[in-house]
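Here is the structure we will look at, set down as structure tokens.
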Number of protein chains: 2
Amino acid sequence: MKDVALHAGVSTATVSRVLNGHAAPTPETRERVLAAIDELGYRPNALARSLRTTSTQTLGLVISDLLNPFFAEIARAVEDEARSHGYCVVIGNADESAEQEATYVRTLLDRRVDGLLLCPATDDPSLVREVSAGGVPLVLLDRTVRGATCPVVRADGSEALTALARRLVGAGHTRIGVIAGPPNTSTGRERTDVLTGSLGGLAQVVHGDFRQESGSQAAARLIDDGATALVAMDNLMGLGALGEVRARGLQIPHDIALAVFDDQPWFPLLDPPITVIAQPTVEMGRAAARSLLALINGQQPDDIRLTAKLVLRGSLGEAEL
Amino acid sequence: MKDVALHAGVSTATVSRVLNGHAAPTPETRERVLAAIDELGYRPNALARSLRTTSTQTLGLVISDLLNPFFAEIARAVEDEARSHGYCVVIGNADESAEQEATYVRTLLDRRVDGLLLCPATDDPSLVREVSAGGVPLVLLDRTVRGATCPVVRADGSEALTALARRLVGAGHTRIGVIAGPPNTSTGRERTDVLTGSLGGLAQVVHGDFRQESGSQAAARLIDDGATALVAMDNLMGLGALGEVRARGLQIPHDIALAVFDDQPWFPLLDPPITVIAQPTVEMGRAAARSLLALINGQQPDDIRLTAKLVLRGSLGEAEL
DNA sequence: TTGTAAGCGTTATCAA
DNA sequence: TTGATAACGCTTACAA
């Protein structure tokens with residue numbers, strides 16, 4: 001910057017003003033400064049600027065699992081929305097580990113992100129409290145924590161789940177295996193509660209950890225126990241369940257029915273195509289980013305609940321007629 | 001930091017020394033400082049530290065498309081490797097757009113990442129030159145650019161592709177549709193060249209853009225032109241091709257054979273399972289991160305070529321026997 | 001072992 | 001309109 005100033009025959013203050021689009025500088029000096037910048041290939045140091053202004057124009061996003069396409073899509077939506085407001089997003093991948101999540105959150109805070117978007121690994125509120133205590137704007141995404149006091153953006157799958165339950169019961173299933181998420185996550189608990197609630201005594205629940213392998217194992221146990229229908233509470237566990245079903249040579253829907261929470265582009269391509277509960281991922285990501293930006297700007301955004309939709313395809317058998 | 005110093009009855013220099021694990025401070029003063037830090041909930045400002053030390057302990061990663069599971073997996077591997085060396089990764093998603101790619105690269109450089117990992121959207125070397133001119137350590141990942149002078153980490157699919165070609169020819173296919181990547185990407189060109197080369201005059205090539213939609217369109221054209229086998233040069237285009245095949249009610253492999261570059265967890269679950277050329281994504285990501293770290297440490301890492309492997313499944317028909 | 005003080009590259013206040 | 005200059009929060013000679 002000093003070099004630029006020297007080159008243009010002005011002070012660094014003037015260079016700064018040109019850079020920040022202040023009204024002050026003469027068109028003529030602005031021209032000279034711009035020329036010098038160009039000639040020297042000067043690029044401002046964002047670190048120094050942020051140190052001075054206490055604003056990084058950066059949002060932190062800590063997601064549960066980058067390899068889960070659901071979160072990848074969310075991440076992309078957040079990024080799009082943020083960019084359209086001049087913000088950049090730093091993504092941290094917690095890998096469904098509370099410990100790694102905490103590490104990332106602290107790293108991001110240390111780098112002074114202007115706000116934080118968090119998909120909490122567990123419903124333990126301590127990390128959220130820590131962030132709030134630091135006064136950093138925070139929005140929870142997809143999952144919430146116990147007694148959360150910050151805005152939450154998530155999907156509501158209750159209607160879709162009860163509709164799904166109706167279908168399954170209507171189709172005559174009496175042993176319905178539920179591959180649930182971890183009970184210490186809000187989505188894991190809520191989805192399962194709603195489904196088992198509307199299923200009455202017909203549900204059998206096995207908890208997984210939102211990953212493929214746990215889906216296979218849960219499916220194996222449930223099939224062994226005589227389940228004639230499987231509902232996986234997230235797409236990765238659904239993938240695992242599907243693998244187990246295939247490995248046993250069972251036919252969907254003849255031998256066993258299957259439905260999965262979260263849609264994926266390849267679900268319609270299976271034979272039969274898989275019935276899913278689709279979440280509005282893109283809208284969730286965008287809404288969360290907007291809420292966070294509002295919070296940063298001193299507003300108090302409300303919680304947002306978008307509705308997930310039941311998409312009936314062939315994997316339920318006659319129920320989908 | 002001043003507060004901590006005051007609280008502990010020392011100077012900020014001492015606080016800094018404790019923070020950075022210097023040998024100097026007495027166990028006793030160290031204790032006092034640590035206590036003060038704890039009590040005040042102090043966290044050092046990474047921005048200020050970086051400004052002073054000119055090191056951010058951060059790697060930039062600009063990938064072509066976050067929604068492509070291939071890149072998501074790479075991103076995760078990079079992150080894992082980086083973290084194990086005390087580095088943090090900032091991910092930028094170029095969305096297969098050269099413009100957005102450039103924007104991200106510059107943003108990351110402005111934030112003074114210690115090094116940059118780039119999966120270039122095109123083989124235009126200008127952006128790479130710009131980075132190199134800035135003296136920032138740079139490693140290219142998955143794809144290269146024309147006349148690249150920096151280390152490149154990628155997969156070599158030649159053997160797998162020629163083996164695939166042999167299978168297809170051996171199975172009697174005479175019109176083989178190749179759904180190629182963009183000709184202005186190194187992977188797009190090279191893979192296609194190898195395959196068409198070993199296919200002789202039997203290949204028909206349609207270029208896509210590494211996305212699902214383009215895969216469907218390319219497949220449609222190739223099928224209309226009488227192709228009896230389809231090879232998609234990336235998993236997203238493969239997904240699109242599969243959709244088109246299904247939409248037309250064609251049976252794999254009876255009516256048409258299919259092979260895809262990049263494996264995905266759900267490919268084995270299709271009926272028939274899809275034959276793929278699998279890239280060692282995790283190793284690519286880790287190797288790239290290691291190369292970059294080496295470069296940052298003043299070494300001169302070599303280019304790395306890992307080999308992609310042909311995984312025969314049912315989608316080729318009798319060829320896989 | 002500890003403290004003082006300069007400096008990292010910016011921006012913002014205040015005079016000129 | 002422009003230029004000195006202090007300050008942002010940290011690290012690091014250099015002195016003590």
Side-chain angles (χ1 to χ4, degrees), chain A residues 1-37 40-58 86 88 106-114 134-136, chain B residues 1-37 40-58 86 88 106-114 134-136:
Chain A
M1 192 159 174
K2 228 183 285 181
D3 293 345
V4 172
L6 229 56
H7 223 78
V10 297
S11 73
T12 59
T14 299
V15 175
S16 172
R17 286 190 271 255
V18 170
L19 243 33
N20 294 288
H22 275 239
T26 315
E28 186 227 325
T29 50
R30 177 185 310 274
E31 212 46 61
R32 281 217 316 280
V33 170
L34 256 23
I37 286 176
L40 298 178
Y42 164 78
R43 301 238 81 205
N45 184 324
L47 258 33
R49 185 192 301 235
S50 294
L51 181 59
R52 184 59 233 247
T53 60
T54 65
S55 145
T56 52
Q57 294 294 101
T58 301
C88 169
R106 298 202 183 99
T107 307
L108 293 174
L109 295 187
D110 287 352
R111 289 168 197 231
R112 299 311 193 254
V113 291
D114 292 342
V136 177
Chain B
M1 191 159 173
K2 226 183 289 180
D3 292 347
V4 172
L6 228 57
H7 224 78
V10 298
S11 73
T12 59
T14 299
V15 175
S16 172
R17 286 190 270 255
V18 169
L19 243 32
N20 293 291
H22 275 238
T26 316
E28 186 229 325
T29 51
R30 177 185 309 275
E31 211 46 60
R32 279 217 316 281
V33 170
L34 256 24
I37 286 176
L40 299 179
Y42 165 78
R43 301 238 81 205
N45 183 324
L47 259 32
R49 182 193 303 232
S50 293
L51 181 59
R52 184 58 231 251
T53 60
T54 65
S55 146
T56 51
Q57 294 294 103
T58 301
C88 169
R106 298 201 184 100
T107 307
L108 293 174
L109 295 187
D110 288 352
R111 287 166 197 233
R112 299 310 192 255
V113 290
D114 292 342
V136 177

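Sequence lines set the chain letters: A, B, ... in the order given, protein chains first and strands last, and positions in each chain run from 1. Just so it is clear, the model here is predicted, and its values are computed rather than measured.
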Between [X] ([atom1]) and [N] ([atom2]), how many Å, whole number?
X     : N     : atom1 : atom2 : result
A/R32 : D/dT1 : CZ    : P     : 15 Å
A/L47 : D/dA7 : CG    : P     : 22 Å
B/M1  : D/dA7 : CE    : C1'   : 16 Å
A/L40 : C/dG9 : CG    : C1'   : 15 Å
B/L51 : C/dG7 : CG    : C1'   : 9 Å

Establish, from distance only, whether the side-chain atoms of A/T58 and A/R111 form a donor-acceptor pair under 3.5 Å.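 No pair is found: no donor N or O on one side chain lies under 3.5 Å from an acceptor on the other.
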Report the nucleotide, chosen from [options], that has the shortest atom-to-atom distance to any side-chain atom of [X].
X     : options                : answer
B/P44 : C/dT10, C/dT11, D/dC10 : D/dC10
B/T12 : D/dT11, C/dT11, C/dC8  : D/dT11
A/T14 : D/dC8, D/dG3, D/dC10   : D/dG3
A/R17 : D/dC10, C/dT10, D/dT2  : D/dT2
A/T29 : C/dT11, D/dT11, D/dT2  : D/dT2
A/H22 : C/dA12, D/dC10, D/dA4  : C/dA12
A/A24 : C/dT11, D/dT2, C/dG7   : D/dT2

Looking at the base of D/dT11, is there any donor atom on it, or on the side chain of B/R52, that sits under 3.5 Å from an acceptor on the other one?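 Such a pair is found, so the answer is yes.
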Give a yes/no answer on whether the side chain of [X] brings an N or O atom under 4.0 Å of OP1 or OP2 in [N].
X     : N     : answer
B/N45 : D/dC8 : no
A/R49 : C/dG9 : no
B/T54 : C/dC8 : no

Between B/R112 and B/P25, who's closer to the 5' end of DNA chain C by nearest nucleotide?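 Closest to the 5' end, via its nearest nucleotide, is B/P25.
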First encountered from the 5' end of DNA chain D, between A/T26 and A/A13: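 That would be A/T26.
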Base, sugar-phosphate or nothing for B/R30? Non-hydrogen atoms, less than 4.0 Å.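 No contact at all - B/R30 keeps every heavy atom at 4.0 Å or more from the nucleic acid.
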